[in-house]
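All values below come from the heavy atoms of this structure, side chains included, with hydrogens, waters and symmetry mates left out.
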There are 2 protein chains.
Amino acid sequence: MRISELARQAGTTPRALRYYEEQGLLRPARLASGYRHYEPQALGTVRHIQLLLSAGLNTAAIAEILPCIPDDVTVLAPTCPELLDALAVERNRITTSIDRLAAARAVLDRLIQAGSARDQP
Amino acid sequence: MRISELARQAGTTPRALRYYEEQGLLRPARLASGYRHYEPQALGTVRHIQLLLSAGLNTAAIAEILPCIPDDVTVLAPTCPELLDALAVERNRITTSIDRLAAARAVLDRLIQAGSARDQP
DNA sequence: CTAAACCTTGCCGTTGACGTGAAGGTCAAG
DNA sequence: CTTGACCTTCACGTCAACGGCAAGGTTTAG
């Protein structure tokens, strides 16, 4: 499949996919014309990238982690043991983020409570 | 108190506090010299700003919400009912973020599992 | 009274993940 | 065989939350 089709399926843009490639997150084959050619399993990879990006990881961290994530039925865990520390760091970062988000949500909940309580005294 | 002292207590910088003021999040009084003067309760306000910022709200959203948050023993809920929708929107945004973070953490957990399992087969 | 340590405004720099053309090659339909 | 919809590689623009520096006024310790 070509870049626009993959972008459509992943709900993103060709520009983003080229950016991911530039950052070493994707390695599409090339047709004779120079067009990028993506295997169907690339969709899963892009989904993983999006998930990790939305979790606050940057492309450098994702580039380290991504080869360890099984796309399909390929290799299961290439060089992952070396990354256990990095993985734990990111995991902790995420947990901290979740805690902060929950705290902020609690603040909003109190406000929503107070606000809607004023309507039915 | 002056700007550096507040910054110190809040664990941030004078530059950030000026930025918050520029965005309408803080309204310190001014001394005759032109120096900013902060009431002690401003510390709580800054803490709220930091919390909401770390939850992914931008300064514009915080500017809407902040007047509704009781700093101390002041007014409880000035014009909040009008903001219930905005609050709900942000709350949903936060919940979505938490879900995504949890999903990403689950991915990392699987990797950590797989990686550390390889050491004790 | 002077030097250090504050403070002010103003304005440009940074970072990350892209957006947005520009200039040109490629492919499918008519 | 030509149009229009793709694609390619530059390369500069954006946005948010500040960082950092300059040029100058203020305060305070000695």
Thr13(A) vs dG19(C): side-chain N/O to OP1/OP2 distance below 4.0 Å
yes
For Tyr19(A) and dA11(D), what is the distance between atoms OH and C1' respectively, to the nearest whole Å?
15 Å
Starting at CD of Glu5(B) and ending at P of dT27(D), how long is that distance when rounded to a whole Å?
18 Å
Tell me which of Ala60(A) and His37(B) sits closer to the 5' end of DNA chain C, going by the nucleotide each one is nearest to.
His37(B)
Distance check, rounded to the nearest 0.5 Å: Leu57(A) atom CG versus Leu108(B) atom CG?
6.5 Å
Taking C-beta and beyond as the side chain, do Thr59(B) and Tyr19(B) meet within less than 4.5 Å on heavy atoms?
yes
Interatomic distance where CE belongs to Met1(B) and P belongs to dC6(C) [whole Å]
14 Å
Please tell me which of the listed nucleotides, dT8(C), dC18(D), dC7(C), lies nearest to the side chain of Tyr20(B)?
dC18(D)
Taking atom C1' of dT9(C) as reference, at what distance in whole Å does atom CZ of Arg30(B) sit?
10 Å
From Arg18(B) atom CZ to Thr13(B) atom OG1, the distance as rounded to the nearest 0.5 Å:
8.5 Å
Among Gln9(B), Arg36(B), Arg8(B), whose side chain to side chain contact (heavy atoms under 4.5 Å, CB included) with Met1(B) holds?
Gln9(B)
Please determine whether a side-chain nitrogen or oxygen atom of Thr59(B) lies at a distance below 4.0 Å from atom OP1 or OP2 of dA16(D).
no
Expressed in angstrom and rounded to an integer, what is the separation of Ile3(A) atom CD1 from dG19(C) atom C1'?
14 Å
Euclidean distance, Arg100(B) CZ relative to Ile98(A) CD1, rounded to 0.5 Å:
12.5 Å
Interatomic distance, CD@Glu22(B) vs CG@Leu17(B), rounded to 0.5 Å, equals 12.5 Å
Between the two ends of the helix from dC1(C)-dG30(D) to dG30(C)-dC1(D), what is the bend in degrees, rounded to 10 degrees, where each end axis spans five pairs?
0°
Indicate yes or no: at least one non-hydrogen side-chain atom of Leu26(A) is less than 4.5 angstrom from one of Tyr38(A).
yes
Distance, nearest 0.5 Å, that separates CD of Glu21(B) from CZ of Arg27(B):
8.5 Å
Separation of dG16(C) atom C1' from Arg18(A) atom CZ, nearest Å, is 19 Å
Can you tell if the side chain of Leu66(A) reaches within under 4.5 Å of the side chain of Ile69(A), non-hydrogen atoms only?
yes
From Leu52(B) atom CG to Ile65(B) atom CD1, the distance as rounded to the nearest 0.5 Å
6.0 Å
Could Arg93(A) and Glu90(A) be called an ion pair, given the rule that one side-chain N must be under 4.0 Å from one carboxylate O?
yes
In whole angstrom, give the distance that lies between atom CG of Leu31(A) and atom P of dT26(C).
12 Å
Sidechain-backbone polar pair: Gln50(A) side chain, Gly11(A) backbone, donor-acceptor under 3.5 Å:
no
To the nearest Å, give me how far apart CG (Leu17(A)) and P (dC6(D)) are.
15 Å
Toward the 5' end of DNA chain D, by each residue's nearest nucleotide, Ala32(B) or Leu53(B)
Leu53(B)
DNA chain C: 5'-proximal contact among Arg2(A) and Pro14(B) (nearest heavy atom)
Pro14(B)
For nucleotides 23-25 of chain C, list the nitrogen or oxygen atoms of the protein found under 3.5 Å from its nitrogen or oxygen atoms, one pair per line.
from: dG25(C); atom 1: N2; to: Tyr35(A); atom 2: OH; distance (Å): 2.7

So which protein nitrogen or oxygen atoms get under 3.5 Å of nucleotides 20-22 of chain D's nitrogens or oxygens?
from: dG20(D); atom 1: O6; to: Arg15(B); atom 2: NE; distance (Å): 2.9

Measuring from the side chain of Asn58(A) (C-beta onward, heavy atoms only), which nucleotide among dG16(C), dT9(D), dG19(C) has the closest atom?
dG16(C)
